[in-house]
There are 2 protein chains.
Amino acid sequence: MTQVDQTEAKPRLGRKRDHTRDPEILDAALDVLSESGYDGMTIDMVATRAKAGKATVYRRWSSKAELVLDAVACMKSNEFDLDDLPDTGTLRGDLVAMIRTPSIRAAERKLKVMAGIVSMIARSPELASAARAALVEPRASVNRVLFQRAIDRGEIPADADIEHLCMIGPAMVAYRLLMLGRPVDREFLISNIDKVILPAAGIRTEP
Amino acid sequence: MTQVDQTEAKPRLGRKRDHTRDPEILDAALDVLSESGYDGMTIDMVATRAKAGKATVYRRWSSKAELVLDAVACMKSNEFDLDDLPDTGTLRGDLVAMIRTPSIRAAERKLKVMAGIVSMIARSPELASAARAALVEPRASVNRVLFQRAIDRGEIPADADIEHLCMIGPAMVAYRLLMLGRPVDREFLISNIDKVILPAAGIRTEP
DNA sequence: CATATACGGAACTGATGAGTTCCGGATACA
DNA sequence: TGTATCCGGAACTCATCAGTTCCGTATATG
């Protein structure tokens, strides 16, 4: 969005505006957002954390709402490559292989950002779709690939409801972290795969 | 909490303070909270909606934070009676019987209130536990009874992880409404019971 | 080396909302 | 009927924060 390619549309005299710090400002915004929520976040906090001046922030984004929108949208970039997902040969293997500590950390931050903006989402369709594109869709896409593979292998029924299955993992993780305030650790995730996701996909896991 | 039994602890001269309007104020607070979120809510909005004066609100609650805490805690009251739950003889029957239109409406409002305060929850342990007691625990208790019955009947395995099973319904509903912004209708709930909850409980539902 | 521009930072403005105070009117009680 | 008290409502104070302006400095370009 705003952080790339804004080189035109301004007086071309002298040096171009330095956009190298934009990612740091957006990242600072996400940090503050996840810690304080939308209303708790001030532009001063963001600027200070990014070691920038408040005016610098406003030179790039015309309002707090736009900054937040852009920051949320930018989380979309550092995502999984759908063509390079683990392929272990079994659905369970693939799902377990997706559990990596850095991935858990990233997901927790994303969820905290989500928590910081949920109350806005109902009132701002733009923010809502940005949030879904950046926070919901990427993970759903990964799961879609994994489940489709399992269908292609004949591991799970061909008429399995992939869209529904995709949501189980994210829904359980979000609920546990945001509503229950309990840690989302490897143990929980494995347990969720074995006790909920696989049975729902039609795989028996009885001993 | 505050809305009941505050008859002592104030000068006993003349008439007692009129507490009959307290529930209306708390209810107005919940409405505004669900529509505008914690920060979007103003005391004036609450007072106006309850047809009360702002001063009247402050005569009863010393701050916005306390009013919200009390309002959230008060949602706990209008809840299910655990001794009078549907008993259809099957787990599926019981779960389906719990789906009633007013119950869906109430759950949606609760979730919107939750959305309005999630970002506070990480920073306020008091609000966090009030929210869990009022919004999470009641529904979990119901499910616990239903699943325990199914175990007692021998319908599902005795070693089923009830705590984990209890969360599936609430988690899927919360995710669908708050993250996806899609309607939680009867069709979705039934589908969720048949495709996720029952398989996770160890019941085969294949045709 | 000169200059134009964007930088960080600080000092502004204006709006908003928490919390307080005050008032005229209603009402329970004696 | 008198009176004490609480009511709804309006008018305040004060702090905070979005957004703007200004300034002295750093630096890329020529």
Side-chain angles (χ1 to χ4, degrees), chain A residues 2-3 6-25 28-29 32-33 35-71 116-117 119-120 123-124 127, chain B residues 2-3 6-25 28-29 32-33 35-71 116-117 119-120 123-124 127:
Chain A
T2 316
Q3 86 286 10
Q6 224 185 34
T7 42
E8 65 290 315
K10 70 174 67 70
R12 303 313 314 282
L13 311 168
R15 179 168 64 130
K16 275 183 295 193
R17 174 161 283 157
D18 171 19
H19 276 211
T20 57
R21 309 272 331 272
D22 286 19
E24 288 159 67
I25 296 175
V32 177
L33 209 50
E35 288 166 16
S36 312
Y38 183 90
D39 295 279
M41 156 181 161
T42 72
I43 302 293
D44 270 318
M45 286 184 199
V46 176
T48 304
R49 186 167 311 212
K51 294 192 221 307
K54 183 153 73 151
T56 305
V57 175
Y58 277 103
R59 272 177 210 120
R60 291 170 172 68
W61 295 277
S62 64
S63 70
K64 178 177 170 179
E66 275 198 30
L67 171 62
V68 169
L69 189 64
D70 212 12
I117 61 172
S119 76
M120 307 289 296
R123 273 158 287 140
S124 166
L127 186 57
Chain B
T2 315
Q3 86 287 7
Q6 221 185 34
T7 40
E8 67 288 316
K10 69 175 65 72
R12 302 313 314 278
L13 311 168
R15 177 169 64 131
K16 276 184 294 194
R17 173 159 284 159
D18 171 21
H19 276 212
T20 57
R21 308 275 328 274
D22 287 19
E24 287 158 68
I25 295 175
V32 177
L33 209 49
E35 287 166 18
S36 312
Y38 183 90
D39 295 279
M41 156 182 163
T42 72
I43 302 293
D44 270 317
M45 286 185 200
V46 175
T48 303
R49 185 165 313 209
K51 295 193 219 308
K54 183 153 72 150
T56 305
V57 175
Y58 278 103
R59 272 177 210 120
R60 292 169 171 69
W61 296 276
S62 65
S63 70
K64 178 177 169 178
E66 275 198 30
L67 170 62
V68 169
L69 188 65
D70 211 12
I117 60 172
S119 77
M120 308 288 297
R123 272 158 287 142
S124 166
L127 186 57

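Just so it is clear, the structure is predicted and the values come from calculations on it, not from any experiment. Chain letters run A, B, ... following the sequence lines, proteins first and then strands; every chain starts at 1.
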Just N and O in the side chain of Arg21(A): are any of them under 4.0 Å from OP1 or OP2 of dG8(C)?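 Indeed, a polar side-chain atom of Arg21(A) lies that close.
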Arg49(A): partners by side chain to side chain donor-acceptor pair (under 3.5 Å), with sequence neighbours left out: Glu35(A)
Just how far is it from atom [atom1] of [X] to atom [atom2] of [Y], taken to the nearest 0.5 Å?
X        : Y         : atom1 : atom2 : result
Tyr38(A) : Leu33(A)  : OH    : CG    : 9.0 Å
Asp39(B) : Ile117(B) : CG    : CD1   : 12.0 Å
Asp22(A) : Asp70(A)  : CG    : CG    : 8.5 Å

Residues which pass side chain to side chain contact (heavy atoms under 4.5 Å, CB included) with Ala29(B), listed by chain and number, not counting sequence neighbours: Met41(B), Val46(B), Leu67(B), Ala71(B)
Taking side chain to side chain contact (heavy atoms under 4.5 Å, CB included) as the definition, give me every residue that meets it alongside Ala47(B), ordered by chain and number, with sequence neighbours left out. Val57(B)
Heavy atoms under 4.0 Å is the rule here; annotate nucleotides 12-24 of chain C 5' to 3' with B where the base is hit, S where only the sugar-phosphate is, and - elsewhere. -----SBBBBB--
Taking atom P of dT25(D) as reference, at what distance in whole Å does atom NZ of Lys51(A) sit?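 Taking NZ of Lys51(A) and P of dT25(D), I get 22 Å after rounding.
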Report the distance from atom CD of Glu66(A) to atom C1' of dA18(D), rounded to the nearest whole Å. 14 Å
Closest approach to the side chain of Arg60(B), judged atom by atom: which nucleotide of dC7(D), dG8(D), dC7(C) is it?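 That would be dC7(D).
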In degrees, rounded to 10°, what is the bend between the two ends of the helix from dC1(C)-dG30(D) to dA30(C)-dT1(D), using five pairs at each?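 The value is 20°.
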Within the side chain of Thr48(B), is there an N or O that forms a donor-acceptor pair under 3.5 Å with the backbone of Asp44(B)?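 Present.
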With sequence neighbours excluded, tell me which residues meet salt bridge (Lys or Arg N to Asp or Glu O under 4.0 Å) with Lys64(B).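 Per chain and number, Lys64(B) pairs via salt bridge (Lys or Arg N to Asp or Glu O under 4.0 Å) with no residue.
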